[in-house]
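Since the structure comes first, as structure tokens, the remarks are kept for the end.
When a residue number appears, it is its place in the shown sequence, counting from 1.
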Amino acid sequence: MNMDEYLESIKYAVEQIIKLIHKDQDKLAKLLAPIEDKHKEAESKFGEASVVSTEDERQEMLAESIRAMRQMDRLIERNGGKIENLTVEIAARANSYNILSGTLLHFAKQAISMVHEKPYEISEDPNQHKSGNRVLFDGASFTWDNPFRGSTEELRVLDLIVAGRNQYEHYETGLYNNPRSRTSQHNINVFKALSNAHPSLYECITTEDINDGKPPVNYAGKVVTELLNWNSFDKFKNDLMSIN
């Protein structure tokens with residue numbers, strides 16, 4: 001079975017999981033979008049007021065800025081309760097989102113293993129493009145130390161899927177840090193790269209950290225929704241098909 005055939009066989013399950021993960025976030029985004037648009041409009045008109053050539057134009061821009069702010073306030077007043085309730089619900093369901101996201105990572109890792117057998121052999125291949133699409137966050141890539149190639153390179157989806165799935169499976173006990181094991185260092189180095197780039201969002205939590213009393217953190221939800229951005233089956237499939 002090739003990758004395309006396998007992905008088609010799990011398409012329904014993947015689609016349903018993605019819908020469950022994004023359902024509440026999509027609702028919240030729809031409520032917040034018009035508020036954010038009015039805020040941007042108000043800021044834009046206020047900025048224009050400082051560069052126009054006449055006083056009449058300046059007053060007109062300021063008036064439009066004030067109108068946009070008032071419209072934004074009305075939207076907040078009308079939808080504030082819904083936004084607050086959804087925000088609370090999303091926070092309360094964080095563990096469910098992590099479990100669903102972990103399931104997606106498991107499906108992805110299983111697909112790679114079934115088609116390519118040994119994912120780490122792809123990480124070792126001199127052609128890093130075989131590891132699939134680059135991982136981007138806010139348009140920027142991550143740099144990490146690949147223990148299989150012995151090189152510093154851009155993080156790609158294969159390595160994030162493997163490390164993310166392993167972190168999900170072992171988050172309660174932490175990532176095992178064995179300096180003599182390239183497999184162990186692979187997972188450690190991926191999360192070190194995430195932590196180095198965004199220390200407020202990610203942390204490389206090892207078994208030693210857990211033993212020292214550090215609380216465990218499940219990053220599956222963040223990996224799936226923020227880094228891999230799997231918001232559709234097509235995006236999921238594109239990343240898996242990019243691995244060769």
Side-chain angles (χ1 to χ4, degrees), residues 2-3 6-7 10 14 18 98 101-171 173-199 201-207 209 217-231 234-244:
N2 61 34
M3 181 64 79
Y6 181 75
L7 292 178
I10 62 171
V14 170
I18 288 174
N98 280 329
S101 298
T103 303
L104 276 186
L105 290 170
H106 178 73
F107 280 163
K109 166 63 166 53
Q110 187 176 37
I112 296 167
S113 296
M114 285 191 65
V115 175
H116 302 291
E117 295 188 1
K118 297 179 180 179
Y120 293 115
E121 288 187 357
I122 302 175
S123 289
E124 193 170 9
D125 193 289
N127 181 4
Q128 63 177 286
H129 295 285
K130 287 183 175 292
S131 295
N133 297 327
R134 294 183 303 154
V135 177
L136 300 175
F137 186 71
D138 286 341
S141 61
F142 294 87
T143 299
W144 78 299
D145 294 323
N146 184 341
F148 288 97
R149 293 194 186 101
S151 61
T152 300
E153 58 193 52
E154 288 182 310
L155 181 62
R156 294 180 179 270
V157 292
L158 166 79
D159 300 293
L160 180 59
I161 289 168
V162 172
R165 179 262 185 189
N166 288 336
Q167 198 276 337
Y168 166 73
E169 292 288 338
H170 304 289
Y171 81 92
T173 56
L175 292 172
Y176 182 56
N177 188 6
N178 180 357
R180 292 180 293 180
S181 166
R182 291 190 298 175
T183 301
S184 170
Q185 290 307 296
H186 174 279
N187 301 324
I188 292 289
N189 288 357
V190 167
F191 274 88
K192 278 184 176 179
L194 301 182
S195 177
N196 289 339
H198 299 282
L201 299 178
Y202 299 94
E203 195 171 355
C204 181
I205 302 175
T206 65
T207 302
D209 294 327
V217 179
N218 186 344
Y219 286 112
K222 283 182 172 291
V223 167
V224 165
T225 62
E226 296 180 2
L227 299 179
L228 293 168
N229 193 29
W230 286 344
N231 52 20
D234 287 342
K235 183 66 171 66
F236 177 86
K237 180 177 180 178
N238 179 267
D239 278 344
L240 271 296
M241 294 295 291
S242 73
I243 300 167
N244 56 75

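Atom CG of residue N177 and atom CD1 of residue I205 lie 13.5 Å apart, to the nearest 0.5 angstrom. Separation of atoms CG (N98) and OG1 (T225) is listed at 9.0 Å; rounding is to 0.5 Å. Here the CG atom belonging to N178 is positioned 10.5 Å from the OG1 atom belonging to T207, to the nearest 0.5 angstrom. Rounded to the nearest 0.5 angstrom, E124 CD and K130 NZ are separated by 13.5 Å. For the atom pair CD of E169 and NE2 of H106, the computed distance is 7.0 Å after rounding to the nearest 0.5 Å. The distance from the CG atom of L240 to the CD1 atom of I10 is 7.0 Å, given to the nearest 0.5 Å.
The minimum heavy-atom distance between N189 and P147, with the atom names listed, is ND2-CD, 4.0 Å. Between G102 and A220 the shortest heavy-atom distance is N-CB, 3.8 Å. Pairing each heavy atom of I18 with each of L104, the nearest pair is CG1-CD1, 3.8 Å. The nearest pair of heavy atoms linking Y219 to L201 is CE2-O, 3.4 Å. Residues P119 and I112 approach most closely at CG-CG2, 3.8 Å, considering heavy atoms. When all heavy atoms are compared, the tightest approach of K235 to L228 is NZ-O, 3.1 Å.
Residue Y202 forms a side chain to side chain donor-acceptor pair (under 3.5 Å) with just one option from E226, K192, Q167, K222, and that option is E226. The side chain to side chain contact (heavy atoms under 4.5 Å, CB included) test with I122 singles out one residue from D159, N244, L158, and that residue is L158. No option in R156, E153, E154 other than E154 meets the side chain to side chain donor-acceptor pair (under 3.5 Å) test with S141.
Counting only heavy atoms from C-beta outward, the side chains of W230 and V14 never approach each other to under 4.5 Å. Looking only at side-chain heavy atoms (C-beta outward), V157 and V135 come within less than 4.5 Å of each other. Looking at heavy atoms from C-beta onward, F107 lies in side-chain contact with T103 at the 4.5 angstrom threshold. D209 has its side chain out of reach of E203: every pair of non-hydrogen atoms, C-beta onward, lies at least 4.5 Å apart.
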Test log, rule side chain to side chain contact (heavy atoms under 4.5 Å, CB included), inputs K237 and M3: CA-CA 9 Å; K237 180 177 180 178; M3 181 64 79; over 6 Å; no

Verdict with supporting geometry, F148 and D125, side chain to side chain contact (heavy atoms under 4.5 Å, CB included): CA-CA 8 Å; F148 288 97; D125 193 289; over 6 Å; no

Side chain to side chain contact (heavy atoms under 4.5 Å, CB included) between Y171 and V217, intermediate numbers included: CA-CA 6 Å; Y171 81 92; V217 179; 6.0 Å; no

Verdict with supporting geometry, L194 and L227, side chain to side chain contact (heavy atoms under 4.5 Å, CB included): CA-CA 10 Å; L194 301 182; L227 299 179; 3.8 Å; yes

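Between the K109 side chain and the G164 main chain, no donor and acceptor come within less than 3.5 Å of each other. A side-chain donor-acceptor contact under 3.5 Å links S242 to the backbone of D239.
A 6.0 Å sphere centred on CZ of R134 holds no more than 12 heavy atoms belonging to other residues, nucleotides or ligands.
By the ring pair (Phe, Tyr, Trp, His ring centres under 6.0 Å) test, Y176 pairs with no residue at all, sequence neighbours left out. Looking at residues two or more places apart in sequence or on another chain, you find a ring pair (Phe, Tyr, Trp, His ring centres under 6.0 Å) between F142 and H198.
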